[in-house]
Number of protein chains: 2
Amino acid sequence: MDRDLTMKDIAEKADVSVATVSRVLNNTKPVSSELRKKVLDIVKKTGYKPNALARSLIKQRTGTIGVIIPDMDNETFADLIKGIELITDKNDYVILVTNTMGEVKKELKMFNLFEEKRLDGIIFSGVSLTEKHIDFFERYKIPTVVVGQTFNKLDFPSVTIDNFQASFDITEYLIDLGHKDIAMIRGPIYDIQAGKERLLGFKTALRENNYPVNKDFIVEGDFTINSGYKAMEKIWRNELKPTAIFSASDKMAIGALNYCLDHGLKVPEDISIVGFDDMELATAVRPTLTTIHQDQVEKGIKTAEILLDLIEKEENESYNIQLPYTLIERDSTCKRKK
Amino acid sequence: MDRDLTMKDIAEKADVSVATVSRVLNNTKPVSSELRKKVLDIVKKTGYKPNALARSLIKQRTGTIGVIIPDMDNETFADLIKGIELITDKNDYVILVTNTMGEVKKELKMFNLFEEKRLDGIIFSGVSLTEKHIDFFERYKIPTVVVGQTFNKLDFPSVTIDNFQASFDITEYLIDLGHKDIAMIRGPIYDIQAGKERLLGFKTALRENNYPVNKDFIVEGDFTINSGYKAMEKIWRNELKPTAIFSASDKMAIGALNYCLDHGLKVPEDISIVGFDDMELATAVRPTLTTIHQDQVEKGIKTAEILLDLIEKEENESYNIQLPYTLIERDSTCKRKK
DNA sequence: CTGTTAGCGCATTCAC
DNA sequence: GTGAATGCGCTAACAG
């Protein structure tokens, strides 16, 4: 490959100084229209493109932000990124995405890489905070915003929904339908928001209605369809059968639904099932799934907006933004049969 | 934010020259273990991280590659990226991902940005080639590989599956089950691989078995669930009803399936349905979907491997790699009832 | 083995 | 308005 064209080359061809070329390219200082045209012509003719590396080196800004998520194969995160990209693209930033698959080692590797590449900011989600993470962020001050979770030890702005309240609401919805024996397929407890908070909302709703919390009716899954299937299998082994299932994610709900369908149980006649997230999957299956809708794209948008504010206005407050959610009633739930 | 620590700072603190610091950091030339230790200690204590921008400026390599896809919300592309990342990560590259949503303008913007940022290579998929694209690539010689499609005008290496043959196979599979009246929900024709090739395979299989190709039995969708639903609706309006449906994507197949389910048609008893891709969705629905399985992660891996070869070995051949596929028989198909 | 020096490509003083 | 010179942080000759 030939050597890249540089500003010097353009300057020589246009018979001006590099400073002038720089000025017309960046509109940073007045240049006579004559020289401007001359430079622009050469630039167009040669297809010259400024070297962003050199520019970043001087300006101390790279125009790229790093995004760390567990797995973009999960529609939830894919949507989140789309929201982020909507905003970053509009502001001429670019995103460096990485899937950590929950591996702490990979997370730390990426954090380091982000630092070396001098990214302007970081967005991350689903990271389980270790001592090393804390060390990193205490030393390296970079604009950062967290999405879908919060940290107590580190004060980054965060955007989430009120997982506790949403779970509470959908549990009460089941209770209002007359259900008493409600089982929950929960996520891992170390996932504060989608695991712990949703479980808490569920339990609290039961308690406030004076229903007992039956330990056998709470089974853990890992948010996959398969784990939902397995969890349902376990729940159904109990003497007492629930008439409703609250799953902490749509995927696990689909797993539970399939278990029912595969074993001759009618949904919702025999058993009502609700999910959480409102992924595309929720309306792709039959019966369609009653669930909590949250707008991931919007979440990404908000997150990116906050980050860009942090970067450009150098604000430095820490706050948590809660986005709205809605309960969407579909065909997987009905009143308890007497 | 304080000024970053530089190599000069480290050199001063360790009382050596910057060259020495550079040498221990890059293991590029022998350094006495005494000095090496001294430098390493300071680096560790201060948390110094080299500036990748400055390094890239010299080495003419950024260690980042650009990935352009239509929409990573599509599991297909999400998996592809995961495959790519598996390889790039292992080789200490990083990827810049962008969703173009099919907008040519965005594609061109990103190509330009990639050039300015001096990325080491580009992978793209689902791009509809315009004159401007061609101009770009003729001027800017950057290692590039295409996935999921091929170009005749530009000779980039590409990795695909044999869409024609796969479609042919699954159509014959339906024919072997005794189906004669088979409808197809196809994709847009400008999508050479997933649209045109799959349609061709279908038609060819019918012709080779001396079945007529019924125009009313070929309806176009856009690969979404909803378009599959609509397409099925249209197909079912015909006087003659098909006993089997071949959909060019799982999503459209699910749409068709839902139309059937919503209108009292039994699948597969009344009508057999097959999809294409074998996404997670294919086993999430009931009945589970007979489909063509292709391994997107593997596709991403192969693609990235080829690109890295291109970059590091500066090879420059153009070839097309076809990955294997398999027909997976599930519950959405059965023999035609007499 | 180690240090000095010259750029990588650009933006930005500072003179004119 | 314009040009010459300085340096962003680093690597790679080049000497020693």
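First the proteins, then the strands, lettered A, B, ... as listed; each starts at 1.
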* Asked: Ring centroid separation for A/Phe111 and A/Phe124, is it under 6.0 angstrom?
  -> yes
* Would you say the side-chain atoms of B/Ser158 and B/Asn320 include a donor-acceptor pair closer than 3.5 Å? -> yes
Is any NZ, NE, NH1 or NH2 atom of the basic residue among [X] and [Y] found under 4.0 Å from an Asp or Glu carboxylate oxygen of the other?
X        : Y        : answer
A/Asp15  : A/Lys38  : no
B/Arg139 : B/Glu115 : yes
B/Asp4   : A/Arg118 : yes

* Considering only side-chain heavy atoms of A/Pro50, which listed nucleotide, C/dT2, D/dC10, C/dC10, is closest? -> C/dC10
* Structure fact -> Out of C/dC8, D/dG3, D/dC10, minimum distance to the side chain of B/Gln60 belongs to C/dC8
* Remember a base hit wins even if backbone is also touched, and classify A/Val21 as base, sugar-phosphate or nothing at under 4.0 Å, heavy atoms. => nothing
* If you look at every strand shown and take non-hydrogen atoms under 4.0 Å, does B/Leu53 touch a base, only sugar-phosphate, or nothing? -> nothing
Respond yes when some side-chain nitrogen or oxygen of [X] is under 4.0 Å from OP1 or OP2 of [N], and no when none is.
X       : N      : value
A/Asn26 : C/dA11 : yes
B/Tyr48 : D/dC10 : yes
B/Ser17 : C/dG3  : yes

* To do: State, to 0.1 Å, how close B/Gln149 and B/Val127 come at their nearest heavy-atom pair, and which atoms those are.
  => OE1-N, 2.9 Å
Give every pair of a protein N or O atom and an N or O atom of nucleotides 12-14 of chain D that lie under 3.5 Å apart, one pair per line with the distance.
residue : atom : partner : partner atom : Å
D/dA13  : N6   : B/Arg23 : NH2          : 3.3

